[in-house]
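Predicted, not measured: the structure shown is a model, and the values here were computed from it. Below, chains carry the letters A, B, ... as their sequence lines are ordered, and counting in each starts from 1.
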Protein chains: 2
Amino acid sequence: MHDEETTPPKLTDQVRLDDLLCFAVYSANNAFNRFYKPVMAELGLTYPQFLVMIALWEADGVRVSHLGERLGLESNTLTPVLKRMEGLGLLERKRDRSDERQVLLHLTDKGRALENEASGLPACVLEATGLDPAELITLRNEIERIRAKLESATGR
Amino acid sequence: MHDEETTPPKLTDQVRLDDLLCFAVYSANNAFNRFYKPVMAELGLTYPQFLVMIALWEADGVRVSHLGERLGLESNTLTPVLKRMEGLGLLERKRDRSDERQVLLHLTDKGRALENEASGLPACVLEATGLDPAELITLRNEIERIRAKLESATGR
DNA sequence: CCCATTTATATCGTGCACGATTTAATCGCA
DNA sequence: TGCGATTAAATCGTGCACGATATAAATGGG
C-alpha cells in the first residue's frame, strides 16, 4: 500500500465550522448588519445604501461604474439600490450628455445634509467593538489583504 | 467660545470608506462568496447551504433552532433554505414525535456522501489567501471577537 | 382541566448580491 | 461613412437575511 496522492480526510476531520475564516467573516458581516440596523433606521437607510452615501460624500457626481469599482459591485446590484435612493430624494441619476451610455450620480441637498446625522457612527463602532483605533486599522488591513487575495484567486 | 460638547466633525472628515472595518468585512464576505461560487457549483450548493451542510456533518439529527444557534440565523431564514435542500435530496425534515412543534434535521446518504467531495476546500482557502494555518486562526479569532462584541452591543 | 402564555417553526414582504441577458450608445476601422 | 465590436447600464430570475406576523403545539397556574 504505497499511495503518494492520498485523498485528504473528510472535511469535518480537518476543520470545524468555528475554525473557518469564511464563517467568521460571514457571521461578522451579519453582526455588523444587525448592529447597524437601528442606527440606519434613524437615517432612513439600509446598510448598503449607507455605503453608497459614504462613497458619494467622498466623491459626488461620479458614474455608476465608478461607484461600482469603489464598492466592488456592478450595475445589476447598484441600479435598483440607486433607484430606491433616488426615490428617497437622496440623489439624482442623470445620463451624461457627452456619453449617453453613462449615468452620473449627484447628491441632493437632502443627501448631503444626511452626512451630519451620521457623524457619531465611527465612535459608536469603536465603543461597541472595544477596539482602539490602531487595533481597528490593523485588523481592517489584514481583512483587506485577504479580500484582495481572494479576488485575485477567484476564477483561478 | 467655550464648547465642551461639540458636535463631531462630519463623517468623511473623520474616516474614509476604506478605513471602515464594517466595509472591509462586507467586502471580504462578498469576496468569499465569489471565490466559493465555482467550488459550490460543483457541489450543487450555495455558500449558505454549504455552511448548513458543515453544521450537519458535525452534528446530525438536530433541531432547526439548534442549527440556527450554530449559524446565527433564525427559522425565517433557515426554513426556506432547508426546504430547498430537502428538495435537493440532501436532508429530511421531520417533526419530532415527542414535541410536534420541533423539526428534526437528518442528512440523507446523498447529504453525507457530499462531505468527501468537499475535502479539498480548506487547502484551497489557505492557498488563495496565502495565509499559513496559524495566521488564519489568529485572524479568525480576532474577527470572532469583534463579532461577539457587536452581538452583545446590538440593541444597546 | 381549561385557557392564557410561551415556544418552535413557518409565512410573507422587502432589499440586496449576482449570473445571464438585453438595450442602447459609442468606437474602430475598412 | 457604414457597420460589427465594445462598453455602460438596466432588466430579470434566484436565493439569502430579516422584521413582522401567523400557526400550531406544549406548558402551567388557577
Side-chain angles (χ1 to χ4, degrees), chain A residues 23 25-38 40-41 44-53 62-69 71-88 90 93-105 151 154-155, chain B residues 23 25-38 40-41 44-53 62-69 71-88 90 93-105 151 154-155:
Chain A
F23 180 58
V25 169
Y26 167 87
S27 300
N29 187 51
N30 284 346
F32 262 118
N33 259 291
R34 292 163 195 161
F35 176 75
Y36 276 136
K37 189 127 336 197
M40 292 301 109
L45 296 174
T46 65
Y47 175 48
Q49 287 170 8
F50 180 61
L51 297 177
V52 169
M53 290 306 292
V62 299
R63 297 185 291 151
V64 171
S65 58
H66 179 272
L67 180 65
E69 284 167 27
L71 299 178
L73 299 171
E74 295 176 18
S75 68
N76 56 356
T77 299
L78 284 177
T79 298
V81 174
L82 293 170
K83 282 185 166 183
R84 278 186 287 269
M85 295 176 75
E86 187 176 36
L88 294 171
L90 297 170
R93 298 159 57 245
K94 288 191 188 129
R95 289 280 163 186
D96 185 343
R97 298 279 298 283
S98 72
D99 184 346
E100 294 276 347
R101 290 173 302 183
Q102 302 179 172
V103 167
L104 298 177
L105 305 170
E151 182 182 18
T154 296
Chain B
F23 180 57
V25 169
Y26 167 88
S27 300
N29 187 52
N30 284 346
F32 262 118
N33 259 291
R34 292 165 195 161
F35 176 75
Y36 276 135
K37 188 126 336 194
M40 292 301 110
L45 296 174
T46 66
Y47 175 48
Q49 287 170 9
F50 179 60
L51 297 177
V52 168
M53 291 306 293
V62 299
R63 298 185 291 150
V64 171
S65 58
H66 179 272
L67 181 65
E69 284 166 27
L71 299 178
L73 298 171
E74 295 176 17
S75 69
N76 54 357
T77 298
L78 284 176
T79 298
V81 174
L82 293 169
K83 281 186 165 182
R84 278 186 286 269
M85 294 175 75
E86 187 175 37
L88 293 171
L90 297 171
R93 299 158 57 247
K94 289 193 188 126
R95 291 278 163 189
D96 185 343
R97 298 281 297 282
S98 73
D99 183 345
E100 294 276 346
R101 289 173 302 181
Q102 302 179 173
V103 167
L104 299 177
L105 305 170
E151 182 183 19
T154 295

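- In this structure, B:R63 reaches the C:dA8 phosphate: one of its side-chain N or O atoms is under 4.0 Å from OP1 or OP2.
- The backbone N or O of A:V103 lies less than 3.5 Å from no partner atom in the side chain of A:R95, so there is not a single donor-acceptor pair.
- Protein atom CG of B:L71 is 12 Å distant from nucleotide atom P of D:dC18, rounded to whole Å.
- In this model, the phosphate group of C:dC18 is approached by a side-chain N or O of B:R34 to a distance below 4.0 Å at OP1 or OP2.
- Every residue meeting the salt bridge (Lys or Arg N to Asp or Glu O under 4.0 Å) condition with B:R101, not counting sequence neighbours, appears here in chain and number order: B:D99.
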Sub-3.5 Å pairs of nitrogen or oxygen atoms, protein against nucleotides 22-26 of chain C:
residue	atom	partner	partner atom	Å
C:dT26	OP1	A:E100	N	3.1

Taking N or O atoms only and anything under 3.5 Å, show me the protein contacts with nucleotides 10-13 of chain C, one pair per line.
residue	atom	partner	partner atom	Å
C:dA10	OP1	B:R93	NH2	2.5
C:dA10	OP2	B:T79	OG1	2.5
C:dA10	N7	B:S75	OG	2.8
C:dT11	OP2	B:K83	NZ	2.5

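- Rounded to whole Å, atom C1' of C:dG15 lies 12 Å from atom OH of B:Y26.
- Taking B:E69 as the reference, nothing meets the salt bridge (Lys or Arg N to Asp or Glu O under 4.0 Å) condition, with sequence neighbours excluded.
- Taking the side chain to side chain contact (heavy atoms under 4.5 Å, CB included) definition, one finds that B:T46 meets it with B:P48, B:Q49, sequence neighbours left out.
- B:K94 meets the salt bridge (Lys or Arg N to Asp or Glu O under 4.0 Å) test with B:E92; sequence neighbours excluded.
- Following rounding to the nearest Å, A:Q102 (CD) and D:dA10 (C1') show an atom-to-atom distance of 15 Å.
- Distance, A:Y36 OH to D:dA17 C1': 18 Å, rounded to whole Å.
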**OP:** Carefully, step by step, assess A:D96 and A:E100 under the rule side-chain contact (heavy atoms from CB on, under 4.5 Å).
**Re:** CA-CA 5 Å; A:D96 185 343; A:E100 294 276 347; over 6 Å; no
Per-pair distances, 0.1 Å, donor-acceptor, side chain in residues 71-83 of chain A, under 3.5 Å, sequence neighbours excluded:
residue	atom	partner	partner atom	Å
A:T79	OG1	A:S75	O	2.9

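- Straight-line distance from the CG atom of B:L88 to the C1' atom of D:dT14: 13 Å, rounded to whole Å.
- B:E86 meets the side chain to side chain donor-acceptor pair (under 3.5 Å) test with B:R93; sequence neighbours excluded.
- In this structure, the NZ atom of A:K37 is 6 Å from the P atom of D:dC18, given to the nearest Å.
- For residues 44-52 of chain A, proximity to DNA chain D is found at no residue, defined as any non-hydrogen atom under 4.0 angstrom from a strand atom.
- With sequence neighbours left out, B:Y36 forms a ring pair (Phe, Tyr, Trp, His ring centres under 6.0 Å) with B:F32, B:Y47.
- The distance from atom CE of A:M40 to atom P of D:dG19 is 15 Å, rounded to the nearest whole Å.
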**OP:** Run the numbers on A:L45 and A:V52 for side-chain contact (heavy atoms from CB on, under 4.5 Å), then give the verdict.
**Re:** CA-CA 10 Å; A:L45 296 174; A:V52 169; over 6 Å; no
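- Contacts of A:R63 classified as side chain to side chain donor-acceptor pair (under 3.5 Å), with partners at least two apart in sequence or in another chain: A:Q102.
- Counting to the nearest Å, the P atom of C:dA8 and the CG atom of B:L67 are 15 Å from each other.
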